[in-house]
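Data block below; observations after.
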Amino acid sequence: MSEDIKYSAADYKSDQYVRWCPGCGDHAVLAVLHKAMAEVGVAPHDTAVISGIGCSSRLPYYMNTYGFHTIHGRAAAIATGFKCANPAMTVWQISGDGDGLAIGGNHFIHAVRRNIDINILLLNNKIYGLTKGQYSPTSDRGFVSKSSPYGTVEDPFIPAELAFGARGTFFARSLDVDMKVAQEVMVAAARHRGTSVVEMLQNCVIFNMGIHSYVSDKATRAERTIHLVHGQKMLFGANNERGLVQDGFGLKAVEIGRDGYTIDDVLTHDAHCQSNFLHQQLAMMDGHSLPMAVGVIRDVEAPVYNEELDKQVAEVTAAKGYTSLREMILAGDTWEVK
Amino acid sequence: MLEKTNVVTLERVVVRFSGDSGDGMQLAGNIFSNVSAASGNQISTFPDYPAEIRAPQGTLSGVSGFQVSIGRGVHTPGDLADVLVAMNPAALKQHAKFLKPGGVAIVDIDSFKKADLDKALITTDDPYTEIGLKAQVVEVPISSMVKAALADSGMDNRAVLRCKNMFALGLVCWLFDRDVDAALKQLHNKFAKKPAIYEANATVLRAGYDYGNNIHASVSTYRIESDNIRPGRYTDVNGNTATAWGLIHAAEKAGLKLYLGSYPITPATDILHELAKRKDIGVKALQMEDEIAGVCSAIGASFAGALAVTSTSGPGLALKSEGIGLAVMAELPLVVIDVQRGGPSTGLPTKTEQTDLLQALYGRNGESPVPVLAAATPSDCFHAAFEAARIAIEHMTPVILLTDAFIANGSTAWRIPDEDEYPAIRPHYVTPAMAEGWKPYLRDEQTKVRYWAIPGTPGFTHRLGGLEKDSTTSAISNDPANHERMVLTRREKVERIADDIPQLELHGNAEADTLIIGWGGTFGHLYTAVEQLNASGKPVAYAHFGYIRPLPSNTADVLARYRRIIVAELNTGQFADYLQSRFPEKKMLRINKIQGQPFAVSEIIEGVTKLMEE
């Protein structure tokens with residue numbers, strides 16, 4: 001490790017020509033990732049970026065780190081083995097919604113459940129882009145695509161709900177167009193011990209243009225999103241004039257100073273609360289009746305698989321004290337033939 | 001009644017323990033084999049158990065067996081048993097066919113009541129005739145003797161009867177003149193943490209031994225000849241454990257950490273069990289969420305710089321195909337163990353077959369060459385696993401090692417190798433001098449092997465992936481000529497491993513005009529059959545393949561020497577077809593068996609004799 005050296009975004013950038021479509025949200029995510037890595041400061045050679053298959057999964061080629069563009073859906077399993085075998089490395093996994101939640105859904109939930117210390121960037125554009133426009137497991141019910149010409153008849157995964165169902169310890173969300181929040185959540189993800197899931201709402205200019213525009217349009221973004229920061233009041237609106245309050249078992253958006261609500265009624269965000277009940281409520285807000293939450297929604301401590309594994313190996317190795325296979329075998333049942 | 005005067009000395013003897021799958025036949029058989037091995041006998045064992053964990057008690061489907069051959073020149077667990085222990089009528093009915101005519105059947109007569117006979121679908125009151133038993137039957141009231149022996153133990157009836165297997169073991173130890181204290185020591189190791197259970201079992205074991213002594217069971221007792229085996233320190237090992245140990249030793253010799261990504265599957269799971277235990281020497285064994293995650297996590301670990309392994313059986317290998325293809329493309333070391341079982345689909349999960357050979361050779365998309373090795377015996381699994389790892393590491397390639405249910409569960413006595421017996425394994429690392437202008441797909445021109453840069457090393461950051469890469473820049477490439485060049489290079493890399501493996505050896509009578517060919521876990525049966533054929537005036541040579549892809553470099557020369565070539569294997573002719581496609585000028589005659597069971601030596605002799613007469 002070389003903590004004393006300061007790295008810049010350019011140090012994480014490879015010499016490869018970036019082949020995404022002009023205007024694709026992935027360009028912004030890539031640029032922010034370079035900056036976030038520089039801010040965190042782990043050396044490029046101590047960083048690994050592992051992806052599956054899909055447009056977003058091309059990302060490792062554009063990183064001047066150790067990188068592995070693998071096979072469809074398996075990035076989480078490959079990242080798990082990588083991190084356990086070489087825990088000194090900082091590991092980023094790049095997956096799209098199809099790669100991570102359809103073909104790779106099983107590996108995703110088990111990586112999250114084990115709480116492997118990896119950072120999963122889930123680029124969600126609600127479409128299969130590289131195969132030219134089929135609906136994905138995050139496409140809304142009724143979505144019309146080449147493989148659903150009459151609209152889908154299935155409900156989507158909400159990535160946060162899946163992560164919480166798998167006992168996730170870190171979940172954050174950002175819009176591809178919001179570079180500030182995107183960098184903030186990537187840095188927080190890198191600093192979290194355990195599996196960090198970052199959902200990047202990303203726009204596909206070719207096959208799903210404007211899929212997130214209801215929440216991402218600049219004109220209405222302040223009303224339809226809420227930037228959550230741990231320890232701060234849950235306020236939103238152009239002038240932070242609105243806030244979230246508890247309403248029975250649910251949440252409600254109110255205007256400060258109206259209907260008797262004051263700033264004291266507005267909830268303060270607690271990302272570190274062990275119970276994920278409110279985190280889930282916040283993550284499920286979709287921008288319609290309540291603003292969509294961006295920023296770090298949940299960030300709690302829990303045992304980390306690869307650390308527990310190393311601890312266990314160290315403990316049993318110390319207890320038995322074998323220095324070789326031969327020594328281990330000779331400690332068992334053996335006999336001498338002369 | 002006889003005194004113990006009728007002592008017969010035998011070169012080798014075969015004993016089969018059979019009972020309900022909950023009766024502990026495997027434990028009784030294991031202890032008997034270990035005691036025999038420790039007294040200088042060669043041993044070979046064959047656990048023959050059902051797929052169900054506990055089928056209904058006393059029924060035909062729930063019969064579990066354990067066969068062991070002990071003595072001198074033992075290479076197989078034996079075709080037929082000299083002594084069959086049957087704990088109930090179902091066991092006798094199912095396993096009578098494995099008893100030699102004129103052999104001895106020891107039965108627990110307390111378990112031959114009307115209800116027991118009904119469960120075994122025996123309709124007359126003379127089970128021996130109905131089963132067609134041509135043996136000397138020794139009826140022993142095992143259940144009642146066990147109850148009597150444990151009358152004062154305070155144990156309940158069920159717990160008492162669970163010790164029945166030890167009575168049978170005691171009796172067999174007496175019959176074959178085994179040291180009862182050695183058996184007790186084995187038992188003590190097994191129940192070291194449960195002294196009460198040890199005491200009860202030990203009491204019953206002694207009772208069984210004394211019963212033989214005291215009531216003068218009317219059978220001959222046997223003295224088994226021991227073998228002049230190579231001096232050294234020995235232990236008893238089954239194929240799965242030997243496989244795990246071979247991998248550990250390879251990691252030691254390569255200076256790498258061993259990583260296993262696996263998923264439970266019969267009959268391979270014991271490799272996962274053993275390596276999970278071996279956290280005590282630094283092994284990281286992860287039980288993953290599925291077979292695919294098993295191989296993929298191993299690929300991740302390999303990229304990270306470990307000796308990475310995944311273990312499975314046929315259905316799991318099918319699931320891992322895409323992952324193995326990635327390792328072919330990324331040119332990363334990876335060992336894939338396939339403990340073959342009966343297929344297709346779920347097939348015969350606990351039974352043995354050699355039907356995954358073509359899957360191992362060809363079961364991937366695209367031109368995807370992978371070295372394939374096969375282990376010959378339980379103890380050879382150690383050597384084969386070491387070799388698979390050595391080739392993977394030194395040649396930067398996934399390697400598939402085929403074992404099978406027969407050698408995975410069977411055990412033999414194994415001489416523990418000295419520290420310096422196996423060679424150092426040299427990972428094909430980058431050197432600091434290469435840093436300037438280094439690309440991941442640059443190769444050693446001699447071997448075509450690319451260099452391994454371990455993540456965390458400054459100056460060697462690089463990107464691998466499943467997409468085709470340019471042969472010089474290592475960037476993504478769709479260039480048609482480049483793709484063909486890379487396909488041929490990857491193939492050439494695997495073919496050149498032939499320069500780094502031993503030559504094919506000949507057994508039997510090398511001057512004969514008939515060559516028997518085998519591969520993998522059929523070695524013991526083929527070797528014994530070849531010995532017997534030569535002894536009976538039918539000269540045959542024998543070549544056994546442990547390296548399947550690439551083949552040893554003298555294969556063509558060896559084949560050219562023989563007029564008649566017979567390939568014997570437990571499938572419909574997969575290796576014969578493979579050889580036929582490479583050596584079309586030679587006709588491959590075939591002996592095949594696909595019954596989930598190993599060959600019987602007699603079947604091979606019969607088959608070879610027939611083909612020699614044609």
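Side chains included, hydrogens not; waters and symmetry mates left out as well; all remaining heavy atoms used. In what follows, chains are A, B, ... by sequence order, proteins preceding strands, each numbered from 1.
Taking CZ of A/F68 as the start and CG of B/L464 as the end, the distance is 5.5 Å to the nearest 0.5 Å. Summarising the geometry, atom CH2 belonging to B/W245 is positioned 12.0 Å from atom CZ belonging to A/R326; distances are rounded to the nearest 0.5 Å. We find the CG-NZ distance between A/D310 and B/K279 to be 10.0 Å, quoted to the nearest 0.5 Å. The CZ atom of B/R463 sits 11.5 Å away from atom OH of A/Y62, with the distance rounded to the nearest 0.5 Å. Residue B/R278 holds its CZ atom at 4.0 Å from CE of A/M328, rounded to the nearest 0.5 Å. One finds the CD1 atom of A/I71 at 4.0 Å from the CD atom of B/E322 (value rounded to the nearest 0.5 Å).
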Go through A/R19 and B/I476 one step at a time and tell me if the side chain to side chain contact (heavy atoms under 4.5 Å, CB included) criterion holds. CA-CA 11 Å; A/R19 301 187 192 203; B/I476 300 169; 4.2 Å; yes
Between A/D333 and B/N189, does a side chain to side chain donor-acceptor pair (under 3.5 Å) hold up when you go through it step by step? CA-CA 9 Å; A/D333 261 341; B/N189 291 345; 2.7 Å; yes
Worked verdict on B/R415 versus A/E336 for salt bridge (Lys or Arg N to Asp or Glu O under 4.0 Å): CA-CA 9 Å; B/R415 191 181 52 78; A/E336 180 89 32; over 6 Å; no
Report the C-alpha distance between A/N64 and B/T461 in whole Å, list the side-chain angles of each, state the deciding distance to 0.1 Å, and finish with yes or no for side chain to side chain donor-acceptor pair (under 3.5 Å). CA-CA 6 Å; A/N64 183 32; B/T461 57; 3.1 Å; yes
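B/I299 is not listed as a side-chain neighbour of A/R74, based on a closest heavy-atom distance of 4.5 Å or more. A/T334 is not listed as a side-chain neighbour of B/W414, based on a closest heavy-atom distance of 4.5 Å or more. Proximity of A/L330 to B/I416: side-chain heavy atoms (C-beta onward) are separated by under 4.5 Å at one or more points.
Within a 6.0 Å sphere centred on CZ of A/R191, heavy atoms belonging to other residues, nucleotides or ligands number more than 12. Other residues, nucleotides and ligands place more than 12 heavy atoms under 6.0 Å from the NZ atom of B/K253. With a 6.0 Å radius and a threshold of 12 heavy atoms from other residues, nucleotides or ligands, B/D418 has its CG atom above the threshold.
Here the closest heavy-atom approach between residue A/M89 and residue B/G456 is recorded as SD-N, 3.4 Å. Considering all non-hydrogen atoms of both residues, B/I454 and A/N86 come closest at CG2-ND2, 4.4 Å. Of all heavy-atom pairs spanning B/C296 and A/I78, the tightest one is O-CG1, 3.2 Å. The shortest heavy-atom contact between B/K284 and A/C84 is NZ-O, 2.7 Å. The two residues B/L286 and A/T80 have their closest heavy-atom pair at CD2-CG2, 4.2 Å. B/G465 and A/Y61 get closest at one heavy-atom pair: CA-OH, 3.9 Å.
Of the atoms belonging to A/I53, not a single heavy atom falls under 4.5 Å from chain B. Residue contact with chain A, scored on non-hydrogen atoms closer than 4.5 Å, is absent for B/A298. Using a 4.5 Å cut-off between heavy atoms, B/Y259 contacts chain A through its side chain alone, with no backbone atom that close. Only the backbone of B/V283 comes within less than 4.5 Å of a heavy atom in chain A; its side chain stays farther off. Of the atoms belonging to A/L309, it is side-chain heavy atoms, and not backbone ones, that fall under 4.5 Å from chain B. Contacts of A/R113 with chain B are absent, with no heavy-atom separation under 4.5 Å from either backbone or side chain. In this structure, chain A has a heavy atom under 4.5 Å from the side chain of B/E252, while its backbone stays farther away. If you measure heavy-atom distances from A/E315 to chain B, you find no contacts under 4.5 Å at all. For a residue to count as touching a neighbouring chain, one of its non-hydrogen atoms must lie under 4.5 Å from one of that chain's; by this rule B/A251 does not touch chain A. Interface residue B/P417: only backbone heavy atoms are found under 4.5 Å from chain A. At a 4.5 Å heavy-atom cutoff, the contact between B/L332 and chain A is made by side-chain atoms alone.
Highest contact tally toward chain A, considering only B/G459, B/A308, B/P458, is held by B/P458 [criterion: heavy-atom pairs under 4.5 Å]. The greatest number of non-hydrogen atom pairs below 4.5 Å with chain B, out of A/Q312, A/Q16, A/R114, A/K320, is found for A/R114. Residue with the most contacts toward chain B among A/P60, A/G67, A/A75, A/A77: A/G67 (heavy-atom pairs, distance under 4.5 Å).
Residues B/F460 and A/H45 place their aromatic rings such that the two centres sit no closer than 6.0 Å.
For the residue pair A/N106 and B/D290, a side-chain donor N or O sits within less than 3.5 Å of a side-chain acceptor on the partner. A side-chain N or O of A/S324 and one of B/E419 form a donor-acceptor pair less than 3.5 Å apart.
Panel note: side chain B/T235, backbone A/W335; no donor-acceptor pair is recorded below 3.5 Å.
Classification of the A/F82-B/F303 ring pair by plane angle, with boundaries at 30° and 60°, yields tilted.
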